[in-house]
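See below for the structure under consideration.
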Protein chains: 2
Amino acid sequence: MAKKNTTIYDISKKLNVSVATVSRALNNHPRISQATKELVVNMAMEMDYKQNNLAKALKSGETKTVGVIVPYINTNFFSSVIRGIEEELSPHGYRVIICQSHDDADIEKKQLNTLLHTQVDCIFISISKNTSDLEYIKKVISTTNTPIIFFDRKKDIPGISTITIDDHKGAYQATEHLIKEGYKNICHFSGDQNLEIYQNRLSGYISALKDHNLPVIEDNIINTGSSIEEGINAMKSLWKRKVKPDAIFSASDFTALGVCKEIKNLKLRIPEDIGVIGFSNEPFTQFMELSISSVDQTPVMMGKVSGNVFLESIKDNFSGITIEKKLVLTPMLQIRQSSSRKK
Amino acid sequence: MAKKNTTIYDISKKLNVSVATVSRALNNHPRISQATKELVVNMAMEMDYKQNNLAKALKSGETKTVGVIVPYINTNFFSSVIRGIEEELSPHGYRVIICQSHDDADIEKKQLNTLLHTQVDCIFISISKNTSDLEYIKKVISTTNTPIIFFDRKKDIPGISTITIDDHKGAYQATEHLIKEGYKNICHFSGDQNLEIYQNRLSGYISALKDHNLPVIEDNIINTGSSIEEGINAMKSLWKRKVKPDAIFSASDFTALGVCKEIKNLKLRIPEDIGVIGFSNEPFTQFMELSISSVDQTPVMMGKVSGNVFLESIKDNFSGITIEKKLVLTPMLQIRQSSSRKK
DNA sequence: TTGTAGGCGTTATCAA
DNA sequence: TTGATAACGCCTACAA
């Protein structure tokens, strides 16, 4: 029934040597003769020996496993970041556990506890929309040895490294691009302002307007969620205004898509009558017959950098230093048809 | 420096009881007095005790962790399946480790070994395009206790449960739908024929033609990959033929997208001149201005069912039975503009 | 160069 | 009802 794995003890018996010798041979320990080493290694191969990671982890305190908590795994952005983390860490022998918070702070806390419980070596988090209990995370930092790293959706907490993109800059460039294309009355569809990323996109929009001497109009900043539906509805009510916009910079691609659909519905032309630009560079934006301009967040790169920050922190740890890094990646403006009015 | 976790040993010392007592109290063991149990539980709470999963796993042989191997994690299909697996298993205390094979059999084998090595309780795999070494997997099955479960991209191996969708049926319905819309000369862009899913889509296409007394023409079955580019090129060369097709059933949505782009380029109309239908129900298919018909694979459901098959197998295992399940989910045809010629 | 033995934190068996 | 102790499989001082 139960198929037992061979252990170093089994090998030691077979070879009439001690388990210590076997362990040393298998770990390339310097203090062992070449001859016995080969003997052991061959026997291990023959007996199909597989090191028991559990025992090793129990002894060493390192599980060679990291955890990632994201709102949902099946979105282009988060799955791409996870891909980056996996590809950066996998070659170094780390496994990646994924958890979903369903964009809920309570579930997020539970997942965090589970990962702590699993004794992962590091936890990567992109926080949920309604996360506000920073004390809890601070407590984790101060009472455990498990480093936490924030990516994209972060909060500023001492001791926590963060990897983000420059949302302000991305939004600034997007808005500036619209201005240069000759759009004058640019509205911004902002996302959930509890998240820094959306705050920054909003501030980038405002900065660009100011720098180009355009008025910042309160009513032109419309608080939407990130769905197609909300884009449609917001555009609908916007078009009932006396003074109509000639461009929309949306903090979300899905909302931008909704905008495009409604514009078409209103029998207006993109980009001639109205310019549109989104954020995230979702795959569909480039597939559309009328492709949608967007801001690429380089998610795979973000994942790789996040993984690398962890790897570097291990090195640093040997010298007893803990460094808090704040890395900011540069977004990439993708100009497509929906915002290219000039030839 | 090192923040040590409290262990049951710490609690036992504090309370002047044995570790065995502490362990029993914490595990709701029947043979313990209510009084001491409360004493221990409260002290554990006070000392912020967290059970060490590693030690428990080492003792019990169960890690409460499963592994998933997919070609790439950042695709809609695979990330959705993983979401389903996570959501089914997480409530039962399981963690999910994700691995990418990069659609390569060698890497896949390495990842499989890593997971075995990590002593996960189950491994879910959607095999890579060029996986052919079935002996290796059979060996894993026969020499370890770790169950393997295939989803979507499978091979038939005794002892391995599989969860797939009925690709034949999905393809059949898609083709039949085209026929009913009045298309007569339907071409099929098939995927990699090393994978069963694509074989089945091809056979579904053929069956539908036969059942409706349409000729199965060898030249109408075009072996493409799954990229936009290949869709464009295939369509291009197809249009140089004397006898031109009036519909394309593509085994991939991306190829279908390429087809649509090329059709537009050729100044032809969809669906009037040519009907198009893809497979997978990628998000973009419904977002397009001219939405693309497709076959939904219900990936989240596939993940949940996969997870459930594992959970059930644990129950069965208590009775010493190992059941090999072959579950087939029903695909959902999504009819959209690209194939709706009739009103 | 090799062996002995203790410990990582739990659970389970056997006594008491 | 409780306690002592032996595993689980590995690594690593310390001895030899």
Side-chain angles (χ1 to χ4, degrees), chain A residues 2-41 43-44 47-65 93 116-121 144-145, chain B residues 2-41 43-44 47-65 93 116-121 144-145:
Chain A
K3 296 146 194 165
K4 292 251 312 168
N5 285 322
T6 52
T7 70
I8 51 171
Y9 184 69
D10 298 328
I11 301 177
S12 79
K13 264 198 300 192
K14 203 98 169 187
L15 254 39
N16 263 322
V17 295
S18 72
V19 285
T21 303
V22 176
S23 174
R24 280 190 277 257
L26 259 24
N27 288 299
N28 269 317
H29 197 280
R31 290 206 259 166
I32 189 153
S33 75
Q34 190 62 27
T36 41
K37 185 197 266 185
E38 278 176 19
L39 214 61
V40 171
V41 170
M43 180 55 77
M47 296 177 75
D48 196 27
Y49 169 77
K50 288 201 181 67
Q51 188 187 48
N52 186 322
N53 274 318
L54 256 34
K56 189 179 179 182
L58 179 59
K59 190 90 211 339
S60 69
E62 284 196 337
T63 54
K64 296 289 261 179
T65 303
L116 247 25
H117 210 202
T118 313
Q119 282 144 301
V120 293
D121 296 341
T144 76
N145 292 310
Chain B
K3 297 148 192 165
K4 292 250 312 169
N5 285 323
T6 52
T7 70
I8 51 171
Y9 184 69
D10 298 328
I11 300 176
S12 80
K13 262 198 301 189
K14 205 98 170 187
L15 253 39
N16 263 322
V17 295
S18 73
V19 286
T21 304
V22 176
S23 174
R24 279 190 278 256
L26 260 22
N27 288 299
N28 270 317
H29 197 280
R31 290 206 258 167
I32 190 153
S33 75
Q34 188 63 26
T36 41
K37 186 197 267 184
E38 277 176 21
L39 214 62
V40 170
V41 170
M43 180 55 78
M47 296 176 76
D48 196 29
Y49 168 76
K50 287 199 182 68
Q51 187 186 48
N52 186 321
N53 274 319
L54 256 34
K56 188 179 179 180
L58 177 60
K59 193 83 185 48
S60 71
E62 282 196 338
T63 54
K64 296 289 262 179
T65 304
L116 247 24
H117 211 200
T118 313
Q119 281 142 303
V120 292
D121 296 342
T144 76
N145 292 311

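Note that this is a predicted model, so its numbers are computed, not measured. Convention: sequence-line order gives letters A, B, ...; per-chain numbering from 1.
Residue contacts for B/Thr7: at a heavy-atom cut-off of 4.0 Å it reaches the sugar-phosphate backbone alone, with no base atom in range. Using a 4.0 Å heavy-atom cutoff across all strands shown, B/Lys50 reaches sugar-phosphate atoms only and no base atom. Nucleic acid contact class of A/Thr36 (heavy atoms, under 4.0 Å, all strands): sugar-phosphate only. Residue B/Asp10 is out of contact with every strand shown, counting any heavy-atom pair closer than 4.0 Å. As judged by a 4.0 angstrom heavy-atom cut-off over every strand, B/Asn5 is placed among residues making no nucleic acid contact. Using a 4.0 Å heavy-atom distance criterion, A/Leu58 is classed as a base contact.
Among C/dT11, D/dG3, D/dC10, the nucleotide with an atom closest to any side-chain atom of B/Val17 is D/dG3. Set against C/dA5, D/dT5, D/dC10, the side chain of A/Val19 has C/dA5 as its closest nucleotide. For A/Arg31, counting side-chain heavy atoms from C-beta on, the closest listed nucleotide (C/dT1, D/dG9, D/dT2) is C/dT1.
For the pair A/Asn16 CG and C/dT2 P, the computed distance is 14 Å after rounding to whole Å. Atom CG of B/Asn53 is separated from atom P of C/dG9 by 13 Å (rounded to the nearest Å). When the C1' atom of D/dT2 is taken as reference, atom CD1 of B/Ile11 falls 17 Å away, rounded to whole Å. Remark: P of C/dG9 and CD of A/Gln119 are 9 Å apart, rounded to the nearest angstrom. Rounded to whole angstrom, the span from the CZ atom of A/Arg24 across to the C1' atom of D/dA15 amounts to 11 Å. A straight line from CG of A/Asn52 to C1' of D/dC8 spans 8 Å, rounded to a whole angstrom. Going from atom CD1 of B/Ile8 over to atom P of D/dT2 covers 15 Å, rounded to whole Å. Rounded to an integer number of Å, the gap from NE2 of B/His29 to P of C/dT10 is 16 Å.
At a cut-off of 3.5 angstrom, counting only N and O atoms as typed in the model, there is a donor on one side and an acceptor on the other between the side-chain of B/Lys59 and the base of C/dT11.
Taking only side-chain nitrogens and oxygens, B/Ser18 never comes nearer than 4.0 Å to OP1 or OP2 of D/dA4. Contact between the side-chain N/O atoms of B/Thr21 and the OP1/OP2 oxygens of D/dG3 is found at a separation under 4.0 Å. An OP1 or OP2 oxygen of D/dC10 is reached within less than 4.0 angstrom by a side-chain nitrogen or oxygen of A/Tyr49. When the side-chain nitrogen and oxygen atoms of A/Gln51 are compared with OP1 and OP2 of D/dC11, one or more of them lie within a distance under 4.0 Å.
Partner of B/Leu15 under the side chain to side chain contact (heavy atoms under 4.5 Å, CB included) criterion, chosen from B/Val22, B/Thr36, B/Asp10, B/Val40: B/Val40.
Of the residues near DNA chain D, A/Leu54 and B/Gln34, the one whose nearest nucleotide (by heavy atom distance) lies more toward the 5' end is B/Gln34.
Residues meeting the side chain to side chain contact (heavy atoms under 4.5 Å, CB included) test with A/Lys50, sequence neighbours left out: A/Asp48, B/Asn113, B/His117.
In plain terms, the two heavy atoms of A/Asn52 and B/Leu58 that are nearest each other are ND2-CD1, 4.1 Å.
No side-chain heavy atom of A/Gln119 sits under 4.5 Å from any side-chain heavy atom of A/Thr65.
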| task | Would you sort out whether A/Tyr49 and A/Leu26 count as a side-chain contact (heavy atoms from CB on, under 4.5 Å), showing the intermediate values? | result | CA-CA 10 Å; A/Tyr49 169 77; A/Leu26 259 24; 3.6 Å; yes
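Between the side chain of B/Ser60 and the backbone N or O of B/Lys56, at least one donor-acceptor pair lies under 3.5 Å.
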